[in-house]
Enquirer: 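Here's a structure for you.
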There are 2 protein chains.
Amino acid sequence: MTSRDQVSVTLAQVAKAAGVGESTVSRVLRNHGSYSGKTRERVMTAVERLGYVPNRIAGTLASAGSRLVAFVIPSLSNIVFADVLRGASATLENNQYQAVFAVTDYDPAREEALVASMLAWRPAAVILAGYEHTERTIKMLRASNCRAVELLDVDGTALDLAVGFSNRAAGRQSAEFLLKRGYRRIGYVGHDIDRDTRAGKRYSSFCDTLSANGTPLADQEIYREASSVERGRLGLDRLLARTPDLDAVYFSNDDMALGGYFHCLARGIVIPSQLAIFGYNGLDLGRVMPQALSTIRTPRVAAGELAAKLIMDNASPQVVDLGFELIEGATA
Amino acid sequence: MTSRDQVSVTLAQVAKAAGVGESTVSRVLRNHGSYSGKTRERVMTAVERLGYVPNRIAGTLASAGSRLVAFVIPSLSNIVFADVLRGASATLENNQYQAVFAVTDYDPAREEALVASMLAWRPAAVILAGYEHTERTIKMLRASNCRAVELLDVDGTALDLAVGFSNRAAGRQSAEFLLKRGYRRIGYVGHDIDRDTRAGKRYSSFCDTLSANGTPLADQEIYREASSVERGRLGLDRLLARTPDLDAVYFSNDDMALGGYFHCLARGIVIPSQLAIFGYNGLDLGRVMPQALSTIRTPRVAAGELAAKLIMDNASPQVVDLGFELIEGATA
DNA sequence: TTTGTCATTGGCAGCGCTGCCATTCTCGGT
DNA sequence: ACCGAGAATGGCAGCGCTGCCAATGACAAA
């Protein structure tokens, strides 16, 4: 009885050990259909004695739908997606669903490949970020008979379900807020604007709003890489070196903004009188900074939860705008 | 041909459409065994035309081992586990493995339940955090014929594979560092010490080292909740209110330390002359703070990568100590 | 006792694929 | 023209479970 390479216990073995039929064991274990108390006891004893663990692979194949939910997310470094997963996974686990995931690195081609390989597991649903997918991705998703949830965006046309908030509105309101506070020489420090299309939407809508006000974006510093505190600090440094007279800077997210904040602290730049800072996401740490970060708080965990709930409830196709909250903070 | 509730295309249908046998289709798609060029062409055409997506559930059931790797991690909020997942998932995806995960919230009972439900998917391996598991968890893992990898710790007895670093050594070296720098009135601000057993090991080893030096821990503030920047700030506030003459504080990790740092900034406490701060993890943001955070950098992504690699290589049971790096920083 | 009802239970055909084995086809060598 | 080796291919029995249906048993009513 070596532990490696032993074949695992099967339902049939349990049935034999308990002296009942296979279907009976199945019924008892799934608590589905009827069986007597003593039968239940006999089965459970056998299960315990043999250390039986049901094989869900076989179970899924035999019954119709799988209890897998596939997440195809851009990044794990970005806390945003960890939040979404966290929100969703609790609900999923409570309903005996399993989360499967893969990381695209913001690459649509990779997303396509990963969706294909996820679909091979016949998941109950695929959860993606945003609306921008390759044609083939969309085609595959439509052809499959599984649900699709697009998260964190509502500016576009949904495939099936969508849960998020308007990045365009966020960009606009950020600009309006800064304008209302009297800032006019406004810069931008951002990341990965082509690939992170949600950040791109905020950016363009931010710029449009500024332009409409007659005070277009004064300068910008955009990086190809993923967002990070480090890039934020470096970006603000470069931006100010080039355009020292800015009075406010909009960052692509809170991580970047924190980097900018650190830069100001290090250089003795007084916030917000000398320079205002505005972020996006509303991470918890923003509230704890010596000066609370002015930002937009997005309901990421709630988005994950709702996505999971809609799937569990087999909801009809819809787009849910969860909105967001502008945090006035002390940095702008 | 409605898109919902249509039954998906099967291998048999592809075979019929291509005018070949099922096994041939299977061989072509898996590029396994021999087949002629024109057969391949016919099959691929049929696949394309029908939009066939192989069913890995069936494939896994039919063949022996699955290509699933199960992660049962304590938390997703903690960037540490996101790093581990990131490290592992790249390697896994390159080898056509799928990552499945579930979150325990640092609860051993929950871990037990989740391991059981993971095992039902007959994964190739289960990846856990640390060595502390319930007896039943261990028993199940041993009884299953899948690999187990315990991550982020090497202080204890491994089940099978383990990849990590010594938390005891980290605690000790942190204490030694502070002592070497001349600090003597040292406090601790921590989280969840019973449940996060790795943090607990650092803590106790830190305390032991201080005591051995004749300067035991002066005071401490420990929270039941998960670590966060907010708790770090609050914790330091309370700690100093009670014991104002501390000259250094050891935090359970960098998030907590950042909170402490913010508190000092807000209160005008000069770092490190008035109060020194030391963290754990070596998050990137520590390097970008106005004063680089003194901390210990752990190779989390590398641990994830190695874990994945060992599984792919079907390595024999072993414990790999990846070590860590003490960052001298400017805060202590 | 007889009959009907309903809770229990077992048997067995798949779910879609892979692995094994048998069969057929090719083609160089004789 | 014939043979043998190996390439190419098809057939089919499972993998372990679930869903359906038929069979059995128990018990109250007639």
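Only this structure's heavy atoms are used, side chains among them; waters, hydrogens and symmetry mates stay out. So that the names make sense, note that chain A is the first sequence line, chain B the second, and so on, each numbered from 1.
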Enquirer: May I ask you to evaluate whether A:T24 reaches the phosphate of C:dT8, defined as a side-chain N or O under 4.0 Å from OP1 or OP2?
Expert: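 A:T24 to C:dT8 OP1/OP2: no side-chain N or O under 4.0 Å.
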Enquirer: Is there a donor in the side chain of A:S26 and an acceptor in the side chain of A:S23, or the other way round, less than 3.5 Å apart?
Expert: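 Result is no, nothing qualifies.
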Enquirer: Side chains of B:R67 and B:N95: is there a donor and an acceptor less than 3.5 Å apart?
Expert: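 No pair is found: no donor N or O on one side chain lies under 3.5 Å from an acceptor on the other.
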Enquirer: Between the opening five pairs and the closing five pairs of the helix from C:dT1-D:dA30 to C:dT30-D:dA1, how far apart are the helix axes, to 10°?
Expert: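 If I round to tens, the end axes sit 50° apart.
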Enquirer: Base, sugar-phosphate, or nothing: which does B:G19 touch, judged by heavy atoms less than 4.0 Å apart?
Expert: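 Sugar-phosphate contact only - B:G19 comes under 4.0 Å of backbone atoms but never of a base.
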Enquirer: Can you sort out the partners of A:D83 under salt bridge (Lys or Arg N to Asp or Glu O under 4.0 Å), two or more places apart, ordered by chain and number?
Expert: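 Only A:R86, A:R300 meet the salt bridge (Lys or Arg N to Asp or Glu O under 4.0 Å) criterion with A:D83.
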Enquirer: Counting side-chain heavy atoms from CB outward, which of D:dA8, C:dC17, C:dT9 is closest to B:T39?
Expert: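 Minimum distance to the B:T39 side chain belongs to D:dA8.
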Enquirer: Could you tell me which residues satisfy ring-ring contact (aromatic ring centres under 6.0 Å, His included) with B:F101, sequence neighbours excluded, listed by chain and number?
Expert: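 Scan of B:F101 (ring-ring contact (aromatic ring centres under 6.0 Å, His included), adjacent residues dropped) gives A:F101.
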Enquirer: Name the residue closer to the 5' end of DNA chain D, choosing between B:G37 and A:R56 according to the nucleotide with the nearest heavy atom.
Expert: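 It is B:G37 whose nearest nucleotide is closer to the 5' end.
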Enquirer: Rounded to the Å, how far apart are B:L11 CG and D:dG10 P?
Expert: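 Nearest whole value for this atom pair: 12 Å.
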Enquirer: Would you mind reading off the distance between B:Q13 atom CD and C:dC15 atom P, rounded to a whole angstrom?
Expert: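 It works out to 11 Å between those atoms.
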Enquirer: Could you state the atom-to-atom distance from CG of A:L61 to C1' of C:dC15 in whole Å?
Expert: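 After rounding, the gap between these two atoms is 4 Å.
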Enquirer: Are the charged groups of B:R27 and B:E22 less than 4.0 angstrom apart, N to O?
Expert: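 No, this pair does not count.
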Enquirer: So which protein N/O to nucleotides 19-25 of chain C N/O distances come out below 3.5 Å?
Expert:
from: C:dG19; atom 1: OP2; to: B:R30; atom 2: NH1; distance (Å): 2.7

Enquirer: Indicate whether OP1 or OP2 belonging to D:dC17 is found under 4.0 Å from a side-chain N or O atom of A:Y52.
Expert: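 Yes, because at least one side-chain N or O of A:Y52 sits under 4.0 Å from OP1 or OP2 of D:dC17.
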Enquirer: Mind calculating the distance between CZ (A:R122) and P (C:dC15) to the nearest angstrom?
Expert: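 Answer to the nearest Å: 14 Å.
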Enquirer: Does A:S36 place a side-chain N or O at less than 4.0 Å from the phosphate oxygens OP1/OP2 of C:dT8?
Expert: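 Negative; the distance criterion is not met.
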Enquirer: Can you see whether B:H133 engages B:E111 through a side-chain donor-acceptor pair at a distance of less than 3.5 angstrom?
Expert: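 Judged by distance alone, the side chains do pair up.
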Enquirer: Would you list the pairs meeting ring pair (Phe, Tyr, Trp, His ring centres under 6.0 Å) in which at least one residue belongs to residues 17-76 of chain B, sequence neighbours left out?
Expert: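 Output for this query is empty, none listed.
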Enquirer: What is the distance from OH of A:Y35 to P of C:dT9, rounded to the nearest Å?
Expert: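 After rounding, the reported distance stands at 10 Å.
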Enquirer: Could you state the CZ-P distance from B:R67 to C:dC17, rounded to the nearest angstrom?
Expert: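 Taking atom P of C:dC17 as the reference, CZ of B:R67 is at 17 Å.
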Enquirer: Measure NZ/A:K38 against P/D:dG25 and give the value in whole Å, please.
Expert: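 Rounded to the whole Å, the gap is 14 Å.
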Enquirer: Between A:S117 and B:Q96, is any side-chain donor less than 3.5 angstrom from a side-chain acceptor?
Expert: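 Short answer, no.
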Enquirer: B:A58: which residues meet the side-chain contact (heavy atoms from CB on, under 4.5 Å) condition with it, sequence neighbours left out?
Expert: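 Applying side-chain contact (heavy atoms from CB on, under 4.5 Å) to B:A58 gives A:L61, B:N55.
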Enquirer: Please give, in whole Å, the distance from D:dC17 P to A:I57 CD1?
Expert: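 Going from A:I57 (CD1) to D:dC17 (P), I get 11 Å.
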